[in-house]
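Order of listing sets the numbers, starting from 1, for every ligand and every atom in it. Treat the numbers as computed from the prediction; the structure is a model and nothing was measured.
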Amino acid sequence: MPWCDLLMTIPMTRSSDDLRRLGKQFLWHPFTPMKLWAETDPLVITSAQGMHLIDSDGNRYLDGVSSLWCNVHGHRVPEIDQAVRAQLDKVAHTTMLGLASEPAILLAERLMKIVPAGLAKVFYSDSGATATEVAFKLAAQYWYNVGEPQRNEFVGFAEAYHGDTVGAMSIGRMPAFHKPYFPMLFKAHFAPSPYVYRSETPDDPEAVKQNCLAALERILEEHGRRIAAVCIEPMVQGAGGIIIQPAGFMSGVAALARKYGALLIADEVAVGFGRTGRMFACEHEGVRPDLMCVAKGITGGYLPLAATFATQKIFDAFLGEPWEGRTFYHGHTYTGNPLACAAALASLNLFETNDLVAHVSRNATALAGMLDRLRPLPHVGNVRQLGYMVGIELVEDKPSRKPFDPKQRVGAAVCQQVRKHGVILRPLGDVVVLMPPPAMDVEDLERIVEAVRAEVAELR
Ligand code: PLP
């Protein structure tokens, strides 16, 4: 028997126990308390089909968090699989430094047709954090290039999250994640975010909005000519706890940035590509950012790709002779990876053929009806939803909004329990997050919500 046929007879997979043991021996998981991890029996995902993840024991689970907020059409989608295979038959990777690449060009052309008006150029990178870093650097260098180098400070929002690199942590400073690094972060200003449920006037979103906008305006008034850009997650602050902004907040922020001459950076990494019921969340309020960041869903959740969009005016400020120092000297090895671009193009085709954005906004109404069943439960403090982004905030005492002791890890416990119902979820503290793939249908949404309802009802 030839050696390659012989190889085929050797099983390539290991037993579940083996995989768990090896994983614990060699892996360091992101955002994971590893001591606790070592004491658990993690699921090992070995395959997937449609909306389901399948573990090494053959159990099936609905992917209720879109494999960390990125999957769009489900898994093993024939059209995307085929597009990636076809690209593999051409080339897997070539550099964009000094060379152009076909899929990167075709994807850029396609993206320009759907992004908010005014955005004219796309700069690729490979993750949400790199997309936001690029935006911050573009903003800073834009002002440098146009002769206002003093505009090098940023305004972000409390509890915002823009990724885990230094620039992203500086402007999206989440104490729970980033405290050890505070001394090495650069200066930024923070406006309060309109977290209505945790505000002093939880029944008056309008007042919360006005207070937060007034606070932002005070910062801009005080530091106006030093501010390069205001950066915001449009409509929904994701990792902060699925904090949905009151109507008019996003457009209010955009208006204030304009008024004080700062650029507006929209971080659409989580909210982009249909998840809120619009292709991009900026569309809800007709906001036109100067810079916009996307990642996660751009490839349908298949491969790492990110993009930072800029207006023509910003792009033009970088034009000049090489020795003039106006060039954007930034890039990553896998920038604009052809396989990822091919997946993204196939994903955008599916958005069109399946009218996916309309599907999300239609089903979001049905989802809202399902979520209403959770509201009366004694430990459900607040249910927040925009499109397919849902946060269910669990509290110990509903009338006073008193949180559970974080050591109880109630959110994590509920997410562990829903696995019995064949559902995978991941919480943010005691906010149970539902982030189904935009293509999920009503029946599967119903299964997820019912699993959560059953387990939250058990909380004592
Ligand atoms: N920006 C936002 C709004 C996000 O939600 C995230 C990740 O959750 C990021 C940036 C960082 O993306 P990545 O994990 O791909 O670096």
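- Distances below 4.0 Å separate heavy atoms of G128 from the following atoms of ligand 1: 11 (C), 12 (O), 13 (P), 15 (O), 16 (O).
- Taking atom 4 (C) of ligand 1 as the reference point, the nearest protein heavy-atom neighbour is Y161 CD2, 3.7 Å.
- Every atom of ligand 1 is numbered from 1 in the order shown, and the set under 4.0 Å from a heavy atom of A270 is 5 (O).
- In this structure, atom 14 (O) of ligand 1 is not in close contact with the protein, since no protein heavy atom lies within 4.0 Å of it.
- Heavy-atom distances between K296 and ligand 1 reach below 4.0 Å in at least one pair.
- Ring geometry, F404 versus H379: the interplanar angle falls from 30° to 60°, so the pair is classed tilted.
- For ligand 1, the atoms closer than 4.0 angstrom to any heavy atom of S127 are 15 (O), 16 (O).
- Q82 places no side-chain N or O within donor-acceptor distance of the main-chain N or O of E79, the cut-off being under 3.5 Å.
- The heavy atom nearest to atom 3 (C) of ligand 1, out of those in T130, D267, L305, is found in D267.
- Residues passing the side chain to side chain contact (heavy atoms under 4.5 Å, CB included) test with Q237, sequence neighbours excluded: F157, E159, A160, S193, E233, I243.
- Scanning for side chain to side chain contact (heavy atoms under 4.5 Å, CB included) contacts around V390 gives L367, L371, Q385, I392, L434, with sequence neighbours left out.
- Residue A129 has at least one heavy-atom neighbour below 4.0 Å for each of these atoms of ligand 1: 11 (C), 12 (O), 13 (P), 16 (O).
- A side chain to side chain contact (heavy atoms under 4.5 Å, CB included) with E268 is found for one member of P116, C293, P234 and no other, namely P234.
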message = Determine whether E222 and R218 satisfy the following criterion, salt bridge (charged side-chain N to carboxylate O under 4.0 Å, His left out), listing intermediate values before the conclusion.
response = CA-CA 6 Å; E222 192 182 343; R218 282 195 294 279; over 6 Å; no
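- Every atom of ligand 1 with a heavy atom of V269 under 4.0 Å away is listed here by number and element: 1 (N), 2 (C), 4 (C), 6 (C), 9 (C), 10 (C), 12 (O).
- Numbered from 1 in the order shown, with element, the atoms of ligand 1 that lie under 4.0 Å from a heavy atom of E233 read 3 (C).
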Item to check | E450 and R447: CA distance, side-chain angles, deciding distance, salt bridge (charged side-chain N to carboxylate O under 4.0 Å, His left out) verdict | outcome: CA-CA 5 Å; E450 182 47 31; R447 277 189 55 201; over 6 Å; no
